[in-house]
Amino acid sequence: MLSVNQKILVAVAWPYANGPRHIGHVAGFGVPSDIFARYHRLVGNDVLMVSGTDDHGTPIMMQADKEGVSYRELADRYNEVIARDLQGLGLSYNLFTRTETLNHTEVTQDLFTALLQNGGIIKDTMLGTFAANGKALPDRYVEGTCPICGFPDARGDQCDNCGNQLDPVDLINPRSKIDGLPPTFRPTEHFFLDLPKFREQLRGWIEAQMHWRPNVRNFSLNLVDDLRPRAVTRDLDWGVPIPLPGYDEKRIYVWFDAVIGYLSAAIEWAHNHGTPDRWQEWWLNPAAQHYYFMGKDNITFHSVIWPAMLLGYREQDGVTAGPHTLNLPYNVVSTEFLTMEGKQFSTSRGVVIYVRDVLERYGADPLRYCLTAGGPETQDADFTWAEFVRRNNDELVATWGNLANRVLTIAHRNFGAVPPQGTLQPSDQTLLDELQRAFATIGDLIATAHFKSALAEAMATAARVNHYVSEQEPWKLVKSDKERAATVLWTALQAVDSLKIIFCPFLPFSSQALHEQLGYTSVIAGPLEIHEQIESNGAHHLVLTCEPASWTGRWQPSELPAGQLLPAPNPLFRKLEPGVVQEEVARLLAKE
RNA sequence: GCCGAGGUAGCUCAGUUGGUGAGAGCGUGGGAUUCAUAACCCCAAGGUCGAGGGUUCGACCCCCUCCCUCGGCACCA
């Protein structure tokens, strides 16, 4: 276990503000990062967890054009929708902000300028692809006939039929996927991140990261072998402006400014708290550890491109510590993909389950449980409603919910309060010892990003306590030997109280509910709040935040005091009818 | 096409550097029990570890070939 007060940055991938989040998104970047952050806070480490919506980029422009609203309007709308999705799921960001802020613009421009000054960014001319409306068109939004195999619906970047990589200008009869009109091609000047310049530095750095998941490390090393300069800017009117005269028609493109969000959000967080320099405790302190969470489609940006940008920024001061020596990632934790009833998620094809719909109908914890227990941690995973109902009923309700409920019910009915400890027998002590060990075991698993095994271990511990209760039969003891019954129930309640903390990173809402059923009045962890933030230029935006410094939960065995009054218990989780499966599957089919 | 991941009990998956009879959860069958959301607890059955070769005293784990599934292949994030 890590020592307390370790500074940990939990950097979570920024979702596009182009629609509500579906459960595949949060299975990848959301729930794992939150489990990690909540655990480290319970341990006593200083966690800064940041993210926000990515308000720029082609998908947002396309969606706005489709709806006939401005880009900003669309981003505003979905920034709020997404913030509420994440709040409802209990994702405990210290700051969830957005890229359309003055602060983010300034930080992005600062990095751009610095990289340009020391040669990390170079200027070059490329052949641009333009839609009929004059805007830059990404290669993948161009379709046409493949010049190699004749496939009529090849994309500008690659032919799905023969697999060859293409250039949009090579397509026969090219057309825009957006409006169907033929694009035009003309040379255009842009800024490029000079990735080859950082090749050897990156290679050496990545090779040293033996604690990364092997797939991330190997994948990244492969990328480093074939780095080319990458265009930082686009011929667009949506995005962070280029901080140089004469470039009003161009913007910094989304991939460049999105990763900078990890830094700008930390700066915004510090500013919002009236301690404008505190971001440095995470970003300029070499002892701070930075963990990045994302889906596997995003590895390259976090293990190669963003580190290259950070290295380039550092070069202003050489290798000595200074205001530009920003920390590199300590770990890049990527998850695989979640499919839905065997199919890729696809909003356009209706293969989608929105977070808010699940929250509304079933609550946050069952979803968090399912996405962790059956999540795409090391390989692609399939979400099915049958599996959701099964895990909810046969695992969450039957093992953990039932344990809490049966222990609380017997204790409440017979004592009305936490009974006195009495004399512990070996069986009681053994159970308490096991709980104590569980904190260490499960804590280590979470700290090393093994969330699936950690949760399985927690459930196994709950099963162990169920075993103890069945074996001791306190419902009989209350009639035959009340003193022994008191000791057994005291022990079981300590175990349940400890499990409450162990489950808290995974299932924060039910842990809080249980906390109250155990007679406490404090808050373990929460609340998460959305409020408006006003910037120096008068602009305002919504932020999702929380104040973990005031949270009372601690990653340690129960100290539940005897005599504490126990209110009448309520089940922590609700059993779902089997009909839910059919109902939900029917909903999906209706969308397709 | 290139690169990569994966094919292990009915289902979902674990299986460090090759070594006593291959595991878990759920489901199934049986038992016990009734505090608990017919939940909990105990026991059991179930697999020639995708196919075929090879290396080895010995391979699910190493090498080769083949079959099947999936992802990436950069200006999409």
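Note that these values count all heavy atoms, side chains included, but never hydrogens, waters or copies made by symmetry. Lettering follows sequence order; numbering is per chain, from 1. This is a predicted model, so every value here is computed, not measured.
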Now, which nucleotide makes the Watson-Crick or G-U wobble pair with B:A44, with each of the two distances under 3.5 Å? B:U28

Name the orientation of the base relative to the sugar in B:G46: syn if the glycosidic angle is within 90° of 0, else anti. syn

Nearest-angstrom distance, P atom, B:U8 to B:C70: 15 Å

On RNA chain B, check which nucleotide each of A:Val397 and A:Ala231 is closest to and give me the residue with the more 5' one. A:Val397

Identify whether the distance between the nearest side-chain nitrogen and carboxylate oxygen of A:Arg391 and A:Glu387 falls below 4.0 Å. yes

Counter-base of B:G1, judged by Watson-Crick or G-U geometry with both distances under 3.5 Å: B:C73

Would you mind classifying the nucleic acid contact of A:Ala13 as base, sugar-phosphate or nothing, using non-hydrogen atoms under 4.0 angstrom? nothing

Where the side chain of A:Glu387 is defined as all heavy atoms beyond and including C-beta, which of B:C26, B:U12, B:U34 is the nearest nucleotide? B:U12

Value in whole Å for how far the P atom of B:C26 lies from CG of A:Leu396: 13 Å

Can you check the distance between B:C11 and B:G21, where both ends of the measurement are the P atom (answer in whole Å)? 27 Å

Among B:G71, B:U12, B:U33, which is the nearest nucleotide to the side chain of A:Trp475? B:U33

Could you check how far CZ of A:Arg406 sits from P of B:A36, rounded to whole Å? 10 Å

Pairwise P distance for B:C64 and B:G6, with rounding to whole Å: 15 Å

Just call it for A:Asn414: base, sugar-phosphate, or nothing, with non-hydrogen atoms closer than 4.0 Å on any strand. nothing

Measure CG/A:Asp394 against P/B:C11 and give the value in whole Å, please. 17 Å

Applying the Watson-Crick and G-U wobble criteria at under 3.5 Å, what pairs with B:U20? Answer none if nothing qualifies. none

With a 3.5 Å cut-off and no angle check, do the side chains of A:Tyr369 and A:Glu395 form a donor-acceptor pair? yes

What nucleotide among B:C40, B:G27, B:U37 has an atom nearest to a side-chain atom of A:Pro571? B:U37

Between A:Lys476 and B:U34, does any side-chain N or O lie under 4.0 Å from OP1 or OP2? yes

Could you check whether A:Phe573 gets within reach of a base, just the sugar-phosphate, or nothing at all, counting any heavy atom under 4.0 Å? base

Could you state the NE2-P distance from A:His450 to B:C13, rounded to the nearest angstrom? 17 Å

With under 30° as parallel and over 60° as perpendicular, where do the rings of A:Phe29 and A:His25 fit, or are they tilted in between? tilted

Both distances under 3.5 Å, Watson-Crick or G-U wobble: report the partner of B:C62, or none. B:G54

Phosphate OP1/OP2 of B:C40 contacted by A:His467 side-chain N/O (<4.0 Å): no

When the P atoms of B:C62 and B:G47 are compared, how many Å lie between them, rounded to an integer? 25 Å

Between A:Asn298 and A:Arg230, whichever has its closest RNA chain B nucleotide further toward 5' is A:Arg230

Return the value, rounded to whole Å, for the distance between atom CG of A:Asn570 and atom P of B:A36. 14 Å

Respond yes when some side-chain nitrogen or oxygen of A:Arg413 is under 4.0 Å from OP1 or OP2 of B:A36, and no when none is. yes

Do A:Asp365 and A:Arg574 meet the salt-bridge criterion of a basic N to acidic O distance under 4.0 Å? no

Provide the Watson-Crick or G-U wobble partner of B:A9, both distances under 3.5 Å; none if there is no partner. none

Side-chain-base donor-acceptor pair under 3.5 Å for A:Asn405 and B:A36: no

A:Thr108: partners by side chain to side chain donor-acceptor pair (under 3.5 Å), with sequence neighbours left out: A:His104

Fit a plane to each ring of A:Trp255 and A:Phe301, take the angle between them on a 0 to 90° scale, and name the class: parallel (under 30°), tilted (30 to 60°) or perpendicular (over 60°). tilted

For A:Asn402, report the nucleic acid contact type (base, sugar-phosphate, nothing); a contact means any heavy atom under 4.0 Å. base

Phosphate-side-chain proximity, A:Lys452 and B:C13, N/O vs OP1/OP2 below 4.0 Å: no

Between A:Leu431 (CG) and B:C41 (P), how many Å, whole number? 13 Å

Regarding A:Val254, tell me which of base, sugar-phosphate or nothing describes its non-hydrogen contacts under 4.0 Å with the strands shown. sugar-phosphate

Rounded distance (Å) that lies between atom C1' of B:A5 and atom CG of A:Asp297: 15 Å

Quick one: label A:Leu572 by what it contacts on the DNA or RNA (base, sugar-phosphate, nothing), any heavy atom closer than 4.0 Å. base

A:Arg464 atom CZ is separated from B:C42 atom P, nearest whole Å, by 9 Å

Between B:A39, B:G72, B:C26, which nucleotide has the shortest distance from any of its atoms to the side chain of A:Ala398? B:A39

A:Glu395 side chain: which of B:G25, B:C42, B:A36 is closest? B:G25

For A:Trp306 and A:Tyr292, does a side-chain donor sit closer than 3.5 Å to a side-chain acceptor? yes

In whole Å, what separates the C1' atom of B:G46 from that of B:U33? 27 Å

Strictly distance-based, threshold 3.5 Å: is any side-chain N or O of A:Arg368 a donor or acceptor partner for the main-chain N or O of A:Leu507? no

